[in-house]
Protein chains: 2
Amino acid sequence: MKTRTKDYYVAQAAVIKAMGHPTRLLILNSLKKKETCVCELRDLVGDDISTISKHLLVLRKAGLVASRREGNWLHYRLTCPCVLDFTGCIAGLKR
Amino acid sequence: MKTRTKDYYVAQAAVIKAMGHPTRLLILNSLKKKETCVCELRDLVGDDISTISKHLLVLRKAGLVASRREGNWLHYRLTCPCVLDFTGCIAGLKR
DNA sequence: CAAGTATTTGGCTATTCGGTAAAATAGCCA
DNA sequence: TGGCTATTTTACCGAATAGCCAAATACTTG
């Protein structure tokens, strides 16, 4: 594989990989509806808060979410809602 | 997370996860253009053929590709070309 | 500054993943 | 059948990932 091509797919795969986890998909779908703080996400997901925080780090590194501080709370939001558009296509796959 | 909801996201994440690897993205994009045999994919990717075969297994399990035998050759094809439609959105992410 | 709340980070363990080489399988043809 | 080609499967190893707990950090309020 050419270096140029490889770099392109490596970058793209990094984002897709970040989306490829049930908890992170739930988080993304939740953020699609509205900006949400970490503690709300913990209640929604049910995992330890440090686990949630680590998932958010993965999503942040991928550029999928961003945060805004308001006092003690960090409000996360989806940077690019279109990333969830193709889930309909995936749902249609027979497996 | 509710069991029902969880199962849904687990299934969806499985497909996305299968897409989240540079080599597999290259394969999918190649198959988008035309049906291709494993040896052609090996030449394209440059990895060991058993590695390619494993990647194809991952894609098959996810339901993203299917194969058709013609003599010694197995021709792989994309089952649902729309799965690559959202890459444009991802490419637009600032990271 | 001290205490309290929200979130992140570090450290640990168990599990999964990616890659390679060697062996196994599947189909072709003499 | 036996040899040949294409592909998959198995076994193995090192690296990456997910989850939890405990400690650290960021900010607010008294």
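Throughout, protein chains are lettered first and strands after them, A, B, ... in sequence-line order, and every chain is numbered starting at 1.
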Sequence-aligned protein contact record of nucleotides 2-11 of chain C, with B where the base is within under 4.0 Å of a protein heavy atom and S where only the sugar-phosphate is
---BSSBBBB

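Put simply, CG on B/L26 is 15 Å from P on C/dG18, counting in whole angstrom units. The separation between B/E70 atom CD and C/dC28 atom C1' is 13 Å, rounded to whole Å. Distance, B/R68 CZ to D/dT7 C1': 16 Å, rounded to whole Å. The CG atom of B/D48 sits 12 Å away from the C1' atom of D/dT7 (whole-angstrom rounding). Rounded to a whole Å, the CG atom of B/D43 is 16 Å from the P atom of D/dT5. When the C1' atom of D/dA16 is taken as reference, atom NE2 of A/H21 falls 13 Å away, rounded to whole Å.
Of the nucleotides present, D/dT1 is the one that pairs with C/dA30 by Watson-Crick or G-U wobble criteria, both distances under 3.5 Å.
Under the side chain to side chain contact (heavy atoms under 4.5 Å, CB included) test applied with A/S30, the options A/V45, A/L41, A/L78 reduce to a single match, A/L41.
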Residues A/E70, A/R68; criterion salt bridge (charged side-chain N to carboxylate O under 4.0 Å, His left out); working and verdict
CA-CA 7 Å; A/E70 195 170 351; A/R68 174 181 68 84; 3.2 Å; yes

Which is it for B/L28 and B/V65 under the side-chain contact (heavy atoms from CB on, under 4.5 Å) test, yes or no, and what are the steps along the way?
CA-CA 8 Å; B/L28 290 174; B/V65 303; 3.9 Å; yes

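Between B/H55 and the phosphate of C/dG19, there is a side-chain N or O to OP1/OP2 separation shorter than 4.0 Å.
By the 30° and 60° cut-offs, the orientation of the rings of A/F86 relative to B/F86 is parallel.
One N or O on the side chain of A/T36 and one on the backbone of A/K34 form a donor-acceptor pair closer than 3.5 Å.
Within the 4.0 angstrom heavy-atom criterion, no nucleotide atom of any strand lies near B/R42.
Counting only N and O atoms by type, the side chains of A/R24 and B/Y9 include no donor and acceptor under 3.5 Å apart.
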